[in-house]
Amino acid sequence: MRIGSDSWKYLLISAAAKLGIAVDSSQAEQFALYANELILWNRKINLTSVTAPDEIALKHFVDSLAPLQFIPSAVRILDIGSGAGFPGIPMKILTPSLDMTLVDASRKRVSFQLNVIRILRLPQIKALHIRAEDLAHKAERQSCFDVIITRAVTSITHSIKLARPLLAANGTLIMLKGRAQTVRGEIQKYLNDLPQSAAPEALYPQIEKIYALPYLGDERTIVCCRNNGS
Ligand code: SAM
């Protein structure tokens, strides 16, 4: 299967539809441009081990779109550890009104993100070469994001630690994880380690959705934490 072919676009569109997400043909064209850049840059810098055209469509693009149902269309959103742009750039392709910030600790990966943003002419999206813990030290960024999202970056405990100072009051942290059984163990460990004194302003992770990646069947779990405090 060739990237950008009719069968590749059909795979992408039909898999997204199985998750209740509508991808139109011009968005599918944008995904094809993105996938071609991913393959090209991946020869020079390590972006992903997923390189088969069908797997890029399903494991990177469709998987990145799955949390859209939990995200209002015009919020300030931060993708921590975005790597090759996942999930932030696919979400932005589908929902242009999102005010998107991508951060990553790797300069080369951020260069790739900036290249994709330029080629796809995406508005209202920044890619910053900075660690999340350093971003949290910048006063103007504290408590400023309505939604923070992470995929394949770190544990639930560490994700919450990174996101907490950056999350707005009433904001939501969304973590895209693998098998539910493993996730339940991570949540239990986080709750066990929570000091009693921190309980009032602590974030409490909850499993929002368990689903199978269309056509592949791999189990995925979406975990959310709402910030009900300040
Ligand atoms: N989210 C992408 C995905 O799902 O394909 C990338 C996952 S990759 C395994 C993890 C990325 O997180 C790497 O690009 C790494 O540089 C970045 N990262 C790890 N810790 C970070 C931190 N504290 N702040 C910012 N980026 C971080």
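Bear in mind the structure is a predicted one, so any value in this text is a computation, not a measurement. Counting starts at 1 for both ligands and their atoms, following the listed order. Here, residue 1 is the first one in the sequence, and each next residue gets the next number.
- Nearest protein heavy-atom neighbour of atom 4 (O) of ligand 1: Arg151 NE, 2.6 Å.
- In this structure, Leu173 CG and Leu162 CG are separated by 9.5 Å, a value rounded to the nearest 0.5 Å.
- Within the listing of ligand 1, atoms 22 (C), 23 (N), 24 (N) sit less than 4.0 angstrom from a heavy atom of Glu133.
- The residue from Asp79, Asp104, Leu128 that puts a heavy atom closest to atom 15 (C) of ligand 1 is Asp104.
- Residue Ala132 has at least one N or O atom closer than 3.5 Å to an N or O atom of ligand 1.
- Heavy-atom contacts of Ala152 reach the following atoms of ligand 1: 4 (O), 7 (C), 8 (S), 9 (C), 10 (C) (cutoff under 4.0 Å).
- Within the 4.0 Å heavy-atom cutoff, Ser82 counts among the residues contacting ligand 1.
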Assess the residue pair Gln113 and Asp104 against the criterion (side chain to side chain donor-acceptor pair (under 3.5 Å)); give the C-alpha distance rounded to whole Å, side-chain angles, the decisive distance to 0.1 Å, and a yes or no.
CA-CA 10 Å; Gln113 295 168 12; Asp104 200 282; 4.6 Å; no
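- Of all protein heavy atoms, the one lying nearest to atom 26 (N) of ligand 1 is Ala105 N, 3.2 Å.
- The closest protein non-hydrogen atom to atom 21 (C) of ligand 1 is Arg131 NH2, 4.0 Å.
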Candidate pair Ser5 and Ser7, rule side chain to side chain donor-acceptor pair (under 3.5 Å), full reasoning
CA-CA 5 Å; Ser5 63; Ser7 54; 3.3 Å; yes
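- Listed by number with element, the atoms of ligand 1 under 4.0 Å from a non-hydrogen atom of Gly83 are 6 (C), 14 (O).
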Might you work through the salt bridge (charged side-chain N to carboxylate O under 4.0 Å, His left out) test for Glu29 and Lys9, ending with a clear yes or no?
CA-CA 8 Å; Glu29 292 290 349; Lys9 285 189 268 188; 2.6 Å; yes
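- Residues passing the side chain to side chain contact (heavy atoms under 4.5 Å, CB included) test with Gln206 are Glu208, sequence neighbours excluded.
- Arg151 and His60 share a donor-acceptor pair across their side chains, judged by distance under 3.5 Å alone.
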